[in-house]
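In what follows, a structure is listed as structure tokens, so that the remarks can point back to it.
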Amino acid sequence: MNKRLSTNNNPIGILDSGVGGLSVWQEVIKTLPHESIIYFGDSANCPYGEKSKTRIKTMTENIIDFLLKKDCKLIIIACNTISVSIIEELRKKYSIPIIAIEPAIKVAAKHTKNKNIGVLATRGTQKGKLYKNTKEKLPKNINIHFQIGKGLVEIVEKGEINAPKNIKLLKKYLNPLMNKNIDQLVLGCTHYPFLTRQIKQITENKINIINPAKAVAKQTKKKLTDHKLLTNRSKPNYTFFTSGKIFLIEKLLPNINLKSIKINLNKKL
Ligand code: DGL
């Protein structure tokens, strides 16, 4: 076989309604440290969770078209709201591999002893077909308690992930779930892992918090391997585009060395 056909040095594209997908990006660079990545955060239009499906579809397709012009070889939808509402349409429209993220309810169902699972996510994710389908496939004795985390995405978009005032809002969402005796909490929005420290503080480390980002990174590696799309370069390039005015990578991922990273602000589509 021609060797050149078994690798591909084009970048992976990662998109989210804003900065939340950085929680996925940081797992992807651990699992695939040689792959170049272009990230697009649509912070100017964030949050997507309260928007109509038609609007979410138009905005997402604009970003994918932008990433395809940059020659991305695979797209990761690092946004539950987008994945659960329009993933099938996207896969029908585009021929490149698309990896989706969805609330890890099946993983939680495997681990729960109390048979009570909490899901914290956006309204858009709760409405999504994919989420409903997963729920229906679970054993009947497992109860899923859904909580919409209105306002949490906005906190992360402002970079206020350690602000003491978040505790009050988080308690408002977590207390009803804890009252249901949950032992698993599924983070059904990629912005929420940035609030993990405060969530753990409230739940006193008694609840297992499930973030599917690692699983998405693993799935991406498998897809690239199966499609013979892995890079053969050793040094990756990381580029970030945002439609917003500021980009909070240094606030959200303080361990990242920004010198090796290109950041483009205000990329209007
Ligand atoms: N990070 C997105 C998600 O995972 C946030 C959605 C939104 O913008 O409402 O759902």
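Start at 1 with the first residue, then count along the sequence. Order of listing sets the numbers, starting from 1, for every ligand and every atom in it. All values below come from the heavy atoms of this structure, side chains included, with hydrogens, waters and symmetry mates left out.
The main-chain N or O of Ser36 is never found under 3.5 Å from a side-chain atom of Asn237 such that the two would form a donor-acceptor pair. Here the side chain of Asn266 pairs no donor or acceptor atom with the backbone of Lys245 at under 3.5 angstrom.
In Asp16, the part holding a heavy atom less than 4.0 Å from any atom of ligand 1 is the side chain. Residue contacts with ligand 1, taken as heavy atom pairs separated by less than 4.0 Å, involve Pro47 via backbone and side-chain atoms alike. Of all the heavy atoms of Cys189, the ones lying under 4.0 Å from any atom of ligand 1 are found in both the backbone and the side chain. The side chain of Thr122, and not its backbone, has at least one atom closer than 4.0 Å to an atom of ligand 1 (non-hydrogen atoms only; side chain from C-beta on).
Those atoms of ligand 1 with a heavy atom of Cys46 less than 4.0 angstrom away are 8 (O). Here is the list of ligand 1 atoms found below 4.0 Å of a heavy atom in Ser17: 2 (C), 5 (C), 6 (C), 7 (C), 8 (O).
In this structure, a donor-acceptor pair under 3.5 Å is present between the side chains of Asp42 and Asn45. Defined by atom type and a distance below 3.5 Å, a donor-acceptor pair is present between the side-chain atoms of Asn116 and His145. In summary, the side chains of Asn9 and Asn232 do present a donor paired with an acceptor at a separation below 3.5 Å, with no hydrogens or angles considered.
Where the criterion is an N or O separation shorter than 3.5 Å, residue side chain and backbone included, Cys79 fails it with respect to ligand 1. In terms of N/O distances under 3.5 Å, ligand 1 is approached by His191.
In this structure, the protein non-hydrogen atom closest to atom 9 (O) of ligand 1 is Gly49 N, 2.7 Å. The protein atom (non-hydrogen) at minimum distance from atom 10 (O) of ligand 1 is Thr81 OG1, 2.7 Å. Atom 7 (C) of ligand 1 has its closest protein heavy atom at Tyr48 N, 3.2 Å.
Contact check on Asp65 versus Lys69 returns no salt bridge, with no Lys/Arg side-chain nitrogen under 4.0 Å from an Asp/Glu carboxylate oxygen. Ion pairing between Lys30 and Glu27 holds under the 4.0 Å rule for side-chain N and carboxylate O.
The aromatic rings of Phe241 and Phe40 lie parallel to each other, their planes meeting at an angle below 30°, with 60° marking the opposite boundary.
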